[in-house]
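Lettering of chains follows the sequences in order, A, B, ..., and the numbering in each one begins at 1. Heavy-atom basis, side chains included; hydrogens, waters and symmetry copies ignored. Given the structure is predicted, the values throughout are model-derived calculations rather than measurements.
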Number of protein chains: 2
Amino acid sequence: MAELVNVMPLFNDLAKIEPEHRVACQDCSLFRLCLPLGLQNSDLAQLDTIIKRSQSYKRAHTLFSTDNEFKSLYVVRSGSFKTTISAVNGREQVTGFYFPGEFIGLDAIHQQSYQSNAKALETSSVCELPFENLQEIGKKMPQLQIQLLTRLSKELSSDKNLMLLLGKKTADEKIATFLLSLSKRFQDRGFSATEFQLTMSRSDIANHLGLAVETVSRVMSRFQEDGLIVINGKAISLRNTTAINAMCG
Amino acid sequence: MAELVNVMPLFNDLAKIEPEHRVACQDCSLFRLCLPLGLQNSDLAQLDTIIKRSQSYKRAHTLFSTDNEFKSLYVVRSGSFKTTISAVNGREQVTGFYFPGEFIGLDAIHQQSYQSNAKALETSSVCELPFENLQEIGKKMPQLQIQLLTRLSKELSSDKNLMLLLGKKTADEKIATFLLSLSKRFQDRGFSATEFQLTMSRSDIANHLGLAVETVSRVMSRFQEDGLIVINGKAISLRNTTAINAMCG
DNA sequence: TTATTTCCATGATCTATATCAAAATATCTG
DNA sequence: CAGATATTTTGATATAGATCATGGAAATAA
């Protein structure tokens, strides 16, 4: 088996860079990826007053589930999360993975109740935005509302692309698309685009992409044989992004 | 073949009830399903000034496509639309069907460019909301922003359910879920929940649900044999909603 | 540490649904 | 309205990926 050294840090290493969970938005390394983007300093200070910064949660900690009362939206501060919805017969669909700077709970707004369950994939922390307060200060801060709108629109757009993936792509195309999507997001966050950790299990990946775990395993093994990637447990290295990109369909 | 009489009107019959395309929001029959819900009268009047009400478009008319400049959001006034996105290799995914009172183009906001293509499924008309103007008046109308947010959140939520459908459901469950979703939306609009027209082609349905046309045809024929539905071309009648509901998975 | 559980990889087999083919309807167009 | 074109239905066959089975590797608990 090919060797993989020099594995890039997990996202929860952000927590090490920024251990103070009281750090204000303007000093946060996620600033340019996060909600406050485009806000005036005075507005920012006001936003800061309503944000509750969480302690870190352990792997598998449930951030919220459909039977919790909807109170807050969350932004990932460090680590990563998955969201799921379940069908009546118990089957579950992993509807998304969330990394630092990304919002969780946006689909709860319309019914004022959580429509999905959110769970930490590793040691993680969040910024909690009590929705009522957010709406309150939003009334005087159009820029904040626009940011929120923009975030929702972005998630909508990426969900439509996931529909295309689920409805039309082959197993190979699904995995290739998934890996590149992660790569892109890691790069946006200042991490390596080619060496990163799959913080979610193979079965989470399989579920999210509408595949069986075995298929994910097999496709990844084959990608490795073909020199596209190198896998070592949860660590992955993209060795031929051009070829992977060409496989996205 | 079972007979199907008394087919319910198409949505474009709304246009007959309301032929004036200058009719103001407060007099529109879609009022309680539409954006202005919750607005003060004075705000409503202001919203009215920025809305452009379209003439009716013919079937297959392209409302917008990804290579048009993003200028406006649209709300369906009469008729129905589909949206699609396409993969690099030309494959397309039907990402949604839209009926009166529903928004089209929300996924364009974040990039300020259309991420999908929207096409009329029958003779249809829309209300056009120039986005810049909308943002402008939204600054003084928090309620409008909240409505917009709510709409986005609702679409997000239904897209997550579609992910569950695409990723985890069998062909039978997909069709059953789809029929009930239409039924629900028709009922919300004051039409029969059990007798309606499938304004989209079988191939649009198939594409949307991640199936082959032949599978859609076969499953529907079987549902008819089993007395769950009666089909007559584009007209459909749900004869056993309880059973259909039990099949949604 | 060792025991226990969960996760991952790989092989063998099966099946739901796609694909291919062709006839029957429906819908357009001049 | 007739002819042309597109859509839908139904049948026969093929296949991508699911499911079943097993052994080994990590992770977790005791």
Side-chain angles (χ1 to χ4, degrees), chain A residues 1-2 4 7 10 58-61 82 91 93-94 119-123 165-176 178 197-226 229-236 247 249, chain B residues 1-2 4 7 10 58-61 82 91 93-94 119-123 165-176 197-225 229-236 247 249:
Chain A
M1 130 107 81
L4 181 66
V7 161
L10 294 180
K58 286 224 182 88
R59 200 179 91 73
H61 172 89
K82 69 171 173 184
R91 274 173 300 182
Q93 172 74 29
V94 173
K119 201 173 254 196
L121 293 171
E122 57 186 310
T123 304
L165 177 145
L166 287 168
K168 299 280 166 315
K169 296 193 178 185
T170 65
D172 283 18
E173 291 168 343
K174 284 175 176 182
I175 302 278
F178 176 68
Q197 296 281 331
L198 303 170
T199 58
M200 66 293 294
S201 69
R202 298 288 191 275
S203 112
D204 284 338
I205 297 174
N207 183 304
H208 185 52
L209 303 179
L211 296 171
V213 206
E214 294 92 331
T215 306
V216 172
S217 219
R218 273 187 260 269
V219 171
M220 285 179 127
S221 298
R222 185 155 38 74
F223 279 12
Q224 177 158 252
E225 277 165 38
D226 298 349
I229 62 178
V230 178
I231 327 168
N232 189 353
K234 297 210 166 279
I236 187 164
M247 297 194 64
Chain B
M1 128 109 80
L4 182 64
V7 159
L10 295 179
K58 287 225 183 88
R59 202 179 90 75
H61 172 89
K82 69 170 174 184
R91 273 173 301 183
Q93 172 74 28
V94 173
K119 199 173 255 197
L121 293 171
E122 57 185 310
T123 304
L165 176 146
L166 287 168
K168 298 283 166 315
K169 295 193 179 185
T170 65
D172 283 19
E173 291 168 341
K174 285 175 176 182
I175 301 278
Q197 297 280 333
L198 302 169
T199 58
M200 65 295 293
S201 69
R202 298 287 192 274
S203 113
D204 285 338
I205 298 174
N207 183 304
H208 185 52
L209 304 180
L211 295 171
V213 206
E214 294 92 330
T215 306
V216 172
S217 214
R218 272 187 261 270
V219 171
M220 284 178 129
S221 298
R222 186 156 39 74
F223 279 12
Q224 177 158 253
E225 279 166 36
I229 61 177
V230 177
I231 327 169
N232 189 354
K234 297 213 165 278
I236 187 164
M247 296 193 66

Requested in this report: Send over the distance from Glu122(B) CD to dA26(C) C1', rounded to a whole Å.
Outcome: 17 Å
Query raised in the report: Counting side-chain heavy atoms from CB outward, which of dT10(D), dA9(C), dA18(C) is closest to Leu211(B)?
Result: dA18(C)
**Report entry** Nearest atoms (heavy-atom pairs only) where Leu211(B) meets Ala171(B)
**Finding:** CD2-CB, 3.9 Å
**Report entry** Arg218(A) CZ - dA18(D) P separation (whole Å)
**Finding:** 9 Å
Query raised in the report: Has the side chain of Arg202(A) got a donor or acceptor that lies under 3.5 Å from a partner of the other kind on the base of dT10(C)?
Result: no
Report summary line: From the candidates dT9(D), dA18(C), dC8(C), the one with an atom nearest any side-chain atom of Ser217(B) is dT9(D)
Query raised in the report: Atom CG of Leu198(B) and atom P of dA26(C): how far apart are they, to the nearest Å?
Result: 15 Å
**Report entry** Presence of Ser221(A) side-chain N/O under 4.0 Å of dT10(C) phosphate oxygens OP1/OP2
**Finding:** yes
Query raised in the report: Does a nitrogen or oxygen in the side chain of Lys234(A) sit under 4.0 Å from OP1 or OP2 of dC7(C)?
Result: no
Query raised in the report: Which atom names give the shortest non-hydrogen contact between Ile229(A) and Met220(A), and what distance separates them?
Result: CD1-O, 3.7 Å
Report summary line: Residue pair Asp172(A)/Val213(B) against DNA chain D: nearer the 5' end by closest nucleotide is Val213(B)
Query raised in the report: Between Ser201(B) and dT7(D), does any side-chain N or O lie under 4.0 Å from OP1 or OP2?
Result: no
**Report entry** Thr215(A) side chain, from C-beta outward: closest of dG17(D), dC8(C), dT28(D)
**Finding:** dG17(D)
Query raised in the report: Do the charged groups of Arg91(A) and Glu173(B) touch, with an N to O distance under 4.0 Å?
Result: yes
Requested in this report: Using a 4.0 Å heavy-atom cut-off across all strands, classify Ala171(B) as base, sugar-phosphate, or nothing.
Outcome: sugar-phosphate
**Report entry** Distance-only donor-acceptor check, side chains Lys168(B) and Gln93(A), under 3.5 Å
**Finding:** yes
Query raised in the report: Nearest-Å distance, CD1 (Ile175(B)) to C1' (dT17(C))?
Result: 12 Å
Query raised in the report: Has the side chain of Glu214(B) got a donor or acceptor atom sitting under 3.5 Å from an opposite partner on the base of dC20(C)?
Result: yes
Query raised in the report: Once you round it to whole Å, what is the distance between P of dT7(D) and CE of Met200(B)?
Result: 15 Å
Query raised in the report: Rounded to the nearest Å, what distance is computed from the CE atom of residue Met220(B) to the P atom of nucleotide dT8(D)?
Result: 10 Å
Report task. Find the distance Arg222(B):CZ to dT10(D):P and express it as a whole number of Å. Result -> 12 Å
Query raised in the report: What's the shortest heavy-atom distance between Arg202(B) and Val213(B), and which atoms?
Result: CB-CG1, 3.9 Å
Query raised in the report: CG of Leu165(B) versus C1' of dT17(C): gap in Å, rounded?
Result: 15 Å
